[in-house]
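Taking it in order: structure first as C-alpha coordinates, then the write-up.
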Amino acid sequence: MYLLEMKHIQKKFGELSVLRDISLAVKEGEIVSIIGPSGSGKSTLLRCATMLETIDSGEIVYLGEKAAWTEGERAVYARKDKLRQIQKSYGLVFQSFNLFPHFSVIKNITDAPIHVQGKSREQAMEEGMALLRQMGLEDKADAYPCQLSGGQCQRVAIARALALNPKILFFDEPTSALDPELTGEVLKVIRSLADLDITMVIVTHEMAFARDISDRVIFMADGVIVEEGTPAEVFSSANERTQAFLGRYGEMLGH
(Lines give C-alpha, C1' and ligand atoms only; values in the text may rest on other atoms or scores of the structure.)
Protein backbone atom coordinates (compact mmCIF):
# COMPACT_ATOMS: atom_id res chain seq x y z
CA MET A 1 0.00 0.00 0.00
CA TYR A 2 1.33 3.43 -0.90
CA LEU A 3 1.19 5.98 1.91
CA LEU A 4 1.93 8.80 -0.51
CA GLU A 5 1.58 9.15 -4.27
CA MET A 6 2.54 12.28 -6.15
CA LYS A 7 1.72 12.24 -9.86
CA HIS A 8 2.88 14.68 -12.55
CA ILE A 9 3.50 17.52 -10.09
CA GLN A 10 4.17 20.92 -11.65
CA LYS A 11 5.14 24.02 -9.69
CA LYS A 12 6.24 27.43 -10.92
CA PHE A 13 7.32 30.55 -9.07
CA GLY A 14 6.56 33.29 -11.57
CA GLU A 15 8.28 32.23 -14.80
CA LEU A 16 10.58 29.77 -13.06
CA SER A 17 9.60 26.09 -13.32
CA VAL A 18 10.74 24.55 -10.03
CA LEU A 19 9.04 21.15 -10.37
CA ARG A 20 8.44 19.73 -13.82
CA ASP A 21 6.28 16.65 -14.08
CA ILE A 22 7.51 14.93 -10.88
CA SER A 23 5.98 11.57 -9.95
CA LEU A 24 6.90 9.43 -6.95
CA ALA A 25 5.30 6.97 -4.55
CA VAL A 26 6.27 5.96 -1.02
CA LYS A 27 5.36 2.59 0.50
CA GLU A 28 4.68 1.88 4.15
CA GLY A 29 7.91 1.34 6.12
CA GLU A 30 10.08 2.69 3.30
CA ILE A 31 12.89 5.20 3.78
CA VAL A 32 13.36 7.45 0.76
CA SER A 33 16.18 10.00 0.54
CA ILE A 34 16.01 12.85 -1.94
CA ILE A 35 19.40 14.24 -2.99
CA GLY A 36 20.53 16.79 -5.54
CA PRO A 37 22.21 20.16 -5.97
CA SER A 38 20.87 23.36 -4.40
CA GLY A 39 17.97 24.77 -6.38
CA SER A 40 16.97 21.39 -7.82
CA GLY A 41 13.46 21.56 -6.26
CA LYS A 42 13.94 19.09 -3.38
CA SER A 43 12.59 21.31 -0.60
CA THR A 44 9.79 22.63 -2.81
CA LEU A 45 8.74 19.04 -3.50
CA LEU A 46 8.54 18.41 0.26
CA ARG A 47 6.62 21.65 0.82
CA CYS A 48 4.14 20.63 -1.89
CA ALA A 49 3.79 17.13 -0.38
CA THR A 50 2.98 18.66 3.02
CA MET A 51 0.65 21.37 1.59
CA LEU A 52 2.89 24.25 2.66
CA GLU A 53 3.01 25.17 -1.03
CA THR A 54 0.19 24.63 -3.51
CA ILE A 55 0.90 22.74 -6.72
CA ASP A 56 -0.02 24.18 -10.13
CA SER A 57 -1.08 20.81 -11.52
CA GLY A 58 -0.79 17.10 -10.76
CA GLU A 59 -2.20 14.84 -8.07
CA ILE A 60 -1.35 14.19 -4.40
CA VAL A 61 -2.81 11.10 -2.72
CA TYR A 62 -2.36 10.02 0.92
CA LEU A 63 -3.49 6.52 1.95
CA GLY A 64 -5.73 6.35 -1.10
CA GLU A 65 -7.39 9.72 -0.32
CA LYS A 66 -6.96 12.50 -2.87
CA ALA A 67 -5.60 15.72 -1.35
CA ALA A 68 -5.12 17.56 -4.66
CA TRP A 69 -5.84 16.91 -8.32
CA THR A 70 -6.04 18.75 -11.63
CA GLU A 71 -9.28 20.07 -13.05
CA GLY A 72 -8.92 21.76 -16.40
CA GLU A 73 -5.77 23.83 -16.30
CA ARG A 74 -5.18 24.03 -12.56
CA ALA A 75 -4.95 22.06 -9.33
CA VAL A 76 -7.81 21.94 -6.85
CA TYR A 77 -7.62 20.76 -3.25
CA ALA A 78 -9.95 18.65 -1.14
CA ARG A 79 -12.33 20.33 1.31
CA LYS A 80 -10.78 21.81 4.47
CA ASP A 81 -12.15 19.11 6.78
CA LYS A 82 -10.81 16.34 4.54
CA LEU A 83 -7.43 18.05 4.23
CA ARG A 84 -7.26 18.30 8.03
CA GLN A 85 -7.79 14.53 8.22
CA ILE A 86 -5.11 13.92 5.61
CA GLN A 87 -2.67 16.27 7.36
CA LYS A 88 -2.86 14.11 10.48
CA SER A 89 -1.13 11.31 8.56
CA TYR A 90 2.23 13.07 8.27
CA GLY A 91 4.74 15.08 10.27
CA LEU A 92 7.44 17.47 9.10
CA VAL A 93 10.82 18.30 10.64
CA PHE A 94 12.25 21.59 9.33
CA GLN A 95 15.88 22.53 8.91
CA SER A 96 15.38 25.50 11.27
CA PHE A 97 13.58 23.50 14.01
CA ASN A 98 10.53 25.87 14.16
CA LEU A 99 10.05 25.30 17.89
CA PHE A 100 7.87 27.76 19.84
CA PRO A 101 10.46 29.84 21.73
CA HIS A 102 8.03 30.79 24.54
CA PHE A 103 7.07 27.13 25.21
CA SER A 104 9.14 24.78 27.33
CA VAL A 105 10.46 21.63 25.61
CA ILE A 106 7.69 19.44 27.00
CA LYS A 107 5.00 21.99 26.08
CA ASN A 108 6.39 22.13 22.52
CA ILE A 109 5.87 18.37 22.33
CA THR A 110 2.51 18.04 24.13
CA ASP A 111 0.67 21.12 22.84
CA ALA A 112 -0.60 19.62 19.56
CA PRO A 113 -1.54 16.19 20.99
CA ILE A 114 -3.66 17.98 23.64
CA HIS A 115 -5.20 20.73 21.49
CA VAL A 116 -5.31 19.08 18.05
CA GLN A 117 -5.79 15.40 18.88
CA GLY A 118 -7.72 15.93 22.12
CA LYS A 119 -5.47 13.71 24.25
CA SER A 120 -5.65 14.11 27.99
CA ARG A 121 -2.87 16.15 29.55
CA GLU A 122 -1.71 13.09 31.51
CA GLN A 123 -1.46 10.88 28.42
CA ALA A 124 0.27 13.60 26.38
CA MET A 125 2.80 14.21 29.19
CA GLU A 126 3.49 10.50 29.60
CA GLU A 127 4.05 10.01 25.87
CA GLY A 128 6.02 13.26 25.61
CA MET A 129 8.42 12.21 28.39
CA ALA A 130 8.85 8.78 26.73
CA LEU A 131 9.81 10.54 23.48
CA LEU A 132 12.28 12.78 25.33
CA ARG A 133 13.85 9.69 26.88
CA GLN A 134 14.13 8.18 23.39
CA MET A 135 15.90 11.38 22.26
CA GLY A 136 18.20 11.39 25.31
CA LEU A 137 16.67 14.66 26.54
CA GLU A 138 14.51 13.74 29.52
CA ASP A 139 16.44 16.18 31.73
CA LYS A 140 15.53 19.06 29.37
CA ALA A 141 11.72 18.84 29.68
CA ASP A 142 11.43 22.21 31.46
CA ALA A 143 14.14 23.98 29.46
CA TYR A 144 13.33 26.51 26.73
CA PRO A 145 14.63 26.28 23.14
CA CYS A 146 17.06 29.19 23.71
CA GLN A 147 18.79 27.08 26.40
CA LEU A 148 19.46 24.16 24.04
CA SER A 149 22.08 23.46 21.38
CA GLY A 150 20.99 23.25 17.75
CA GLY A 151 21.27 19.45 17.87
CA GLN A 152 19.07 19.30 20.98
CA CYS A 153 16.51 21.63 19.36
CA GLN A 154 16.37 19.38 16.29
CA ARG A 155 15.86 16.30 18.50
CA VAL A 156 12.99 18.11 20.26
CA ALA A 157 11.54 18.94 16.83
CA ILE A 158 11.70 15.25 15.89
CA ALA A 159 10.01 14.29 19.17
CA ARG A 160 7.30 16.89 18.51
CA ALA A 161 6.63 15.42 15.06
CA LEU A 162 6.52 11.87 16.47
CA ALA A 163 4.09 12.90 19.23
CA LEU A 164 1.28 13.03 16.66
CA ASN A 165 1.93 9.40 15.59
CA PRO A 166 2.30 10.25 11.90
CA LYS A 167 2.21 7.51 9.30
CA ILE A 168 4.97 9.26 7.36
CA LEU A 169 7.67 11.64 8.56
CA PHE A 170 9.25 14.24 6.26
CA PHE A 171 12.66 15.76 6.97
CA ASP A 172 13.75 18.89 5.10
CA GLU A 173 17.58 19.06 5.35
CA PRO A 174 17.40 18.20 9.08
CA THR A 175 21.12 18.84 9.65
CA SER A 176 21.88 21.80 7.38
CA ALA A 177 21.75 24.32 10.24
CA LEU A 178 24.08 22.24 12.44
CA ASP A 179 27.83 21.91 12.77
CA PRO A 180 29.38 18.47 12.04
CA GLU A 181 29.42 17.30 15.66
CA LEU A 182 25.74 18.08 16.21
CA THR A 183 24.88 16.67 12.78
CA GLY A 184 26.09 13.27 14.00
CA GLU A 185 23.74 13.22 16.99
CA VAL A 186 20.68 14.10 14.89
CA LEU A 187 21.53 11.52 12.22
CA LYS A 188 21.89 8.93 14.99
CA VAL A 189 18.33 9.69 16.15
CA ILE A 190 16.99 9.38 12.58
CA ARG A 191 18.80 6.04 12.23
CA SER A 192 17.10 4.85 15.43
CA LEU A 193 13.71 5.73 13.89
CA ALA A 194 14.59 3.57 10.88
CA ASP A 195 14.82 0.61 13.28
CA LEU A 196 11.21 1.32 14.34
CA ASP A 197 9.94 0.93 10.75
CA ILE A 198 8.75 4.53 10.57
CA THR A 199 8.17 5.63 6.97
CA MET A 200 10.46 8.56 6.16
CA VAL A 201 11.16 10.90 3.28
CA ILE A 202 14.43 12.74 3.87
CA VAL A 203 15.79 15.64 1.83
CA THR A 204 19.48 15.60 2.71
CA HIS A 205 22.95 16.64 1.59
CA GLU A 206 24.52 13.98 3.83
CA MET A 207 25.46 11.49 1.11
CA ALA A 208 26.98 8.75 3.28
CA PHE A 209 23.89 8.88 5.50
CA ALA A 210 21.53 8.68 2.49
CA ARG A 211 23.49 5.73 1.14
CA ASP A 212 23.44 3.85 4.46
CA ILE A 213 19.88 4.44 5.66
CA SER A 214 17.71 4.51 2.51
CA ASP A 215 15.67 1.83 0.81
CA ARG A 216 15.50 4.13 -2.19
CA VAL A 217 17.37 7.23 -3.30
CA ILE A 218 15.90 9.86 -5.63
CA PHE A 219 18.34 12.17 -7.41
CA MET A 220 16.80 15.47 -8.53
CA ALA A 221 18.27 18.21 -10.70
CA ASP A 222 16.64 21.19 -12.42
CA GLY A 223 13.16 20.31 -11.19
CA VAL A 224 13.06 16.74 -12.50
CA ILE A 225 13.87 13.30 -11.12
CA VAL A 226 17.03 12.34 -13.00
CA GLU A 227 17.29 8.92 -11.44
CA GLU A 228 15.92 6.75 -8.65
CA GLY A 229 16.77 3.33 -7.34
CA THR A 230 18.47 1.52 -4.50
CA PRO A 231 21.43 3.35 -2.93
CA ALA A 232 23.76 0.89 -4.68
CA GLU A 233 22.17 1.64 -8.07
CA VAL A 234 22.19 5.42 -7.71
CA PHE A 235 25.63 5.73 -6.11
CA SER A 236 27.24 3.58 -8.80
CA SER A 237 25.20 5.13 -11.61
CA ALA A 238 26.60 5.63 -15.09
CA ASN A 239 24.34 8.66 -15.63
CA GLU A 240 26.57 11.68 -16.32
CA ARG A 241 24.45 14.15 -14.35
CA THR A 242 24.35 11.83 -11.33
CA GLN A 243 28.08 11.09 -11.57
CA ALA A 244 28.94 14.79 -11.79
CA PHE A 245 26.95 15.51 -8.63
CA LEU A 246 28.18 12.50 -6.65
CA GLY A 247 31.76 12.97 -7.84
CA ARG A 248 32.05 15.90 -5.46
CA TYR A 249 31.17 13.59 -2.60
CA GLY A 250 33.45 10.76 -3.77
CA GLU A 251 36.19 11.38 -1.25
CA MET A 252 33.71 11.66 1.60
CA LEU A 253 32.17 8.32 0.62
CA GLY A 254 35.56 6.67 0.49
CA HIS A 255 35.50 6.00 -3.26
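One-based numbering along the sequence shown. Computed from heavy atoms alone, side chains included, the values below leave out hydrogens, waters and symmetry copies.
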Heavy atoms, side chains only, cut-off 4.5 Å: are R216 and T230 in contact?
no

Could you measure the distance from the CD atom of Q154 to the CG atom of N98? Nearest 0.5 Å is fine.
9.0 Å

Are more than 12 heavy atoms from other residues, nucleotides or ligands located less than 6.0 Å from atom CD of E28?
no

Can you find a side-chain donor-acceptor pair between S104 and D142 that sits under 3.5 Å?
no

Taking Q117 for its side chain and L164 for its backbone only, find out whether a donor-acceptor pair lies under 3.5 Å.
yes

With a 4.5 Å limit on heavy-atom distance, are the side chains of L137 and Q152 in contact?
yes

Counting N and O atoms only, with roles assigned by atom type, does the side chain of R155 sit under 3.5 Å from a partner on the main chain of M135, one being a donor and the other an acceptor?
yes

Do the non-hydrogen side-chain atoms of V234 and E228 ever get within less than 4.5 Å of each other?
no

Answer with yes or no whether the hydrophobic clustering places Y62 together with V93; edges join I, L, V, M, F, W, Y residues whose side-chain heavy atoms lie under 4.5 Å apart.
no

Check whether L24 and M51 end up in the same hydrophobic cluster, where Ile, Leu, Val, Met, Phe, Trp and Tyr are linked by side-chain heavy atoms less than 4.5 Å apart.
yes

Check: G58 main-chain N/O paired with T70 side-chain donor or acceptor under 3.5 Å
yes

Measuring from L169:CG to M200:CE, what's the distance to the nearest 0.5 Å?
7.0 Å

Rounded to the nearest 0.5 Å, what separates atom CG in L63 from atom CD1 in I86?
8.5 Å

Would a 4.5 Å heavy-atom cut-off, applied to side chains only, mark L131 and M129 as touching?
no

Checking M6 against L19 for the side chain to side chain contact (heavy atoms under 4.5 Å, CB included) test, could you report, in this order, the C-alpha distance in whole Å, the side-chain angles of both residues, the deciding distance, and whether it holds?
CA-CA 12 Å; M6 299 181 79; L19 299 176; over 6 Å; no

How close do P37 and F245 get, heavy atom to heavy atom, and via which atoms?
N-CE1, 3.5 Å

Rounded at 0.5 Å granularity, tell me how far CD in E5 sits from NZ in K66.
10.5 Å

Rounded to the nearest 0.5 Å, what's the gap from CG on D212 to CG on L187? Could you check?
10.0 Å

Does S17 reach the main-chain N or O of R20 with its side chain, forming a donor-acceptor pair under 3.5 Å?
no

Under a 3.5 Å distance rule, please check whether S23 uses its side chain to pair with a backbone N or O of H8 as donor and acceptor.
yes

Full working for side chain to side chain contact (heavy atoms under 4.5 Å, CB included) between M1 and K27:
CA-CA 6 Å; M1 156 105 169; K27 288 187 194 133; over 6 Å; no

Would you mind reporting whether V76 and W69 have side-chain heavy atoms less than 4.5 Å apart?
yes

Shortest non-hydrogen contact from P145 toward C153
O-SG, 3.6 Å

In terms of heavy-atom contacts, A68 and I55 come closest through CB-CD1, 4.0 Å

Listing request: all salt bridge (Lys or Arg N to Asp or Glu O under 4.0 Å) pairs with a residue in residues 101-127, at least two apart in sequence or in separate chains.
K107-D111, K119-E127

Side chains of V217 and F235: does their closest heavy-atom pair fall under 4.5 Å?
yes

Indicate if I218 and I60 have the same hydrophobic cluster label, given that clusters are the connected sets of ILVMFWY residues with side-chain heavy-atom separations under 4.5 angstrom.
yes

List the steps, then state whether side chain to side chain contact (heavy atoms under 4.5 Å, CB included) holds for L52 with L92.
CA-CA 10 Å; L52 292 173; L92 176 60; 3.4 Å; yes

Would V201 and L162 show up in the same hydrophobic cluster when neighbours are defined by side-chain heavy atoms closer than 4.5 Å?
no

Before giving the answer on side chain to side chain contact (heavy atoms under 4.5 Å, CB included), spell out for N108 and Y144 the whole-Å C-alpha distance, their side-chain angles and the decisive distance to 0.1 Å.
CA-CA 9 Å; N108 261 289; Y144 284 82; over 6 Å; no

If we count only N and O atoms by modelled type, under 3.5 Å, do the side chains of H205 and E173 hold a donor and an acceptor together?
yes

Are side-chain N/O atoms of S237 and N239 paired as donor and acceptor at under 3.5 Å?
no

Under a 3.5 Å cutoff, is there a donor and acceptor pairing between the side chains of T242 and E227?
yes

Any donor-acceptor pair under 3.5 Å from K11 side chain to T54 backbone:
yes

If you look at every heavy atom in K12 and D56, which pair is closest and at what distance?
N-OD2, 2.6 Å

State, with a plain yes or no, whether a side-chain heavy atom of F13 is found less than 4.5 Å away from one of E53.
yes

Do you know which two heavy atoms are closest between I9 and E59, and how far apart they sit?
CD1-O, 3.5 Å

I'd like to check L99 versus F94 (side-chain heavy atoms, cut-off strictly below 4.5 Å). Are they in contact?
no

According to a 4.5 Å side-chain heavy-atom criterion applied to Ile, Leu, Val, Met, Phe, Trp and Tyr, with indirect links allowed, do I190 and V156 form part of one hydrophobic cluster?
yes

How long is the gap from CZ on F171 to CD on Q95, to the nearest 0.5 Å?
13.5 Å

Donor-acceptor contact present, side-chain K42 to main-chain G36, <3.5 Å:
yes

Between I168 and L4, which heavy-atom pair has the shortest distance, and what is it?
CD1-CB, 4.2 Å

